[in-house]
Amino acid sequence: MSVSGILAAAAVVGIVGIFVGLFLGVAGICFKVKVDEKEEAVLAALPGNNCGGCGYAGCSGLAAAIAKGQAAVNACPVGGAAVGNKIAAIMGVEAAAAERMVAFVACQGDCGRVAQDYDYCGVKDCRVMNFVPGGGPKACNSGCLGYGTCAAVCPFDAIHVVDGVAVVDQQACKACGKCVEVCPKHLISLIPYKAKYVVACSSVDKGPVTMKACQTGCIGCGICVKNCPAQAVTVTEFHAKIDQDKCVGCGVCAEKCPKKSIKGGESL
């Protein structure tokens with residue numbers, strides 16, 4: 001091939017490259033996706049756990065919602081007040097005071113307190129218990145199965161199985177709600193971090209049935225109701241409930257409870 005042919009080919013390639021470059025540059029300008037600077041700033045302020053505890057599909061989803069005014073600036077349960085205040089400054093608004101929440105397992109049915117109907121040898125996943133006779137080996141059909149499905153989904157290592165029952169580390173819990181969603185017994189809920197006393201039982205069976213199954217199960221006797229000076233305790237379907245808005249933290253309910261189903265203070 002002659003030198004002139006080589007030069008001509010190189011010139012053609014160069015010219016084509018220039019045109020392609022110009023085309024891509026113009027296309028990049030014309031089709032550039034506009035980025036919301038506030039959304040980017042909010043996303044950078046979020047912790048990046050993508051836990052979904054805010055109700056959105058990850059931190060990017062929440063950032064977009066906050067930027068559009070569709071979500072509160074303190075909607076991230078993981079970041080708490082610190083992140084909420086930072087995002088509020090970005091959005092130019094004030095962050096409303098948000099109450100810290102933590103997960104709570106309404107069960108004390110550990111290996112020493114709850115009776116066993118049989119020995120179970122199988123998949124250690126609470127969700128498969130729907131296919132197991134009696135809903136699991138424990139005599140109480142409402143209590144914690146203790147196989148740690150909630151612990152497995154917790155992104156903050158805030159829940160562990162201790163002696164056959166799940167226990168939440170309130171200091172580590174970020175209230176993302178993953179354990180609440182995965183528990184097949186629905187005995188995990190989010191409660192105020194400042195809650196003083198709670199009913200650590202989920203059973204709605206009649207007293208004699210509960211007493212046979214568990215040593216610390218609520219029997220719905222109503223003694224807590226009669227002794228509460230703030231009228232914060234009620235009993236429905238053989239199960240006591242405490243209204244946290246009314247509770248004054250006197251501890252009389254826990255003191256009078258014959259089954260010690262109510263706990264509070266340092267025992268939470």
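Worth knowing before you read on, the calculation uses all heavy atoms, side chains too, and leaves out hydrogens, waters and symmetry mates.
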Can you find a heavy atom in the side chain of C126 that is under 4.5 Å from one in the side chain of P184?
yes
Review item, side-chain donor-acceptor pairs of residues 96-109, under 3.5 Å, at least two apart:
residue: R100; atom: NH2; partner: Q170; partner atom: O; Å: 2.8
residue: Q108; atom: NE2; partner: K260; partner atom: O; Å: 3.1

Quick one, I159 with C173, criterion side-chain contact (heavy atoms from CB on, under 4.5 Å). Give me CA distance, side-chain angles, the key distance, then yes/no.
CA-CA 8 Å; I159 186 166; C173 179; over 6 Å; no
Report the distance from atom CG of L43 to atom NZ of K38, rounding to the nearest 0.5 Å.
16.0 Å
Looking at K259, I'd like to know if its NZ atom is crowded, meaning that more than 12 non-hydrogen atoms belonging to other residues, nucleotides or ligands lie closer than 6.0 Å.
yes
Would V161 and V123 show up in the same hydrophobic cluster when neighbours are defined by side-chain heavy atoms closer than 4.5 Å?
no
Of all residues at least two apart in sequence or in a different chain, which pass the ring pair (Phe, Tyr, Trp, His ring centres under 6.0 Å) check with Y120?
Y147
Any side-chain donor-acceptor pair under 3.5 Å between Y56 and Q70?
no
Starting at OG of S142, measure out to NZ of K185 and round the result to the nearest 0.5 Å.
6.5 Å
Using the side-chain contact (heavy atoms from CB on, under 4.5 Å) rule, take V198 and I191 through it: C-alpha gap first, then chi angles, then the decisive distance, then the call.
CA-CA 9 Å; V198 292; I191 65 172; 3.8 Å; yes
Nearest heavy-atom pair of L187 and S202: which atoms, and what distance?
CB-OG, 3.2 Å
Nearest 0.5 angstrom please: C140 SG to L145 CG, how far?
9.5 Å
Quick one: side-chain hydrogen bond (donor to acceptor under 3.5 Å, both in side chains) partners of H186, sequence neighbours excluded?
none
Identify whether V83 and L62 are in the same connected component of the hydrophobic contact network (ILVMFWY, side-chain heavy atoms under 4.5 Å).
yes
Is there a donor-acceptor pair closer than 3.5 Å between any side-chain N or O of K138 and the backbone N or O of C144?
yes
Answer yes if V204 and V235 sit in the same cluster of Ile, Leu, Val, Met, Phe, Trp and Tyr residues linked by side chain heavy atoms under 4.5 Å apart, and no otherwise.
no
Using a 3.5 Å cut-off and no angle test, enumerate the donor-acceptor pairs between side-chain atoms of residues 209-230 and protein atoms at least two apart in sequence or in another chain.
residue: T210; atom: OG1; partner: S203; partner atom: OG; Å: 3.1
residue: T210; atom: OG1; partner: D205; partner atom: O; Å: 3.4
residue: T210; atom: OG1; partner: K206; partner atom: O; Å: 3.4
residue: Q215; atom: NE2; partner: G112; partner atom: O; Å: 3.4
residue: N227; atom: ND2; partner: I223; partner atom: O; Å: 2.7

Any heavy-atom pair between the side chains of V180 and S189 that's under 4.5 Å?
no
Is it true that Y118 and M129 fall in one hydrophobic cluster, defined by side-chain heavy atoms closer than 4.5 Å?
yes
When the side chains of residues 240-249 are checked against the rest of the protein, which donor-acceptor pairs come out under 3.5 Å, sequence neighbours left out?
residue: D243; atom: OD1; partner: D245; partner atom: N; Å: 2.9
residue: Q244; atom: NE2; partner: Y197; partner atom: O; Å: 2.9

Starting at SG of C250, measure out to CD of E255 and round the result to the nearest 0.5 Å.
9.0 Å
So how far is it from I66 CD1 to C54 SG, rounded to the nearest 0.5 Å?
8.0 Å
C257 to S261 - nearest heavy-atom pair and separation:
SG-N, 3.2 Å
Which residues pass the salt bridge (charged side-chain N to carboxylate O under 4.0 Å, His left out) test with D125, sequence neighbours left out?
R127
Heavy atoms of I87 and L46 approach each other most closely as CD1-CD2, 3.6 Å
Any side-chain heavy-atom pair from V78 and F156 closer than 4.5 angstrom?
yes
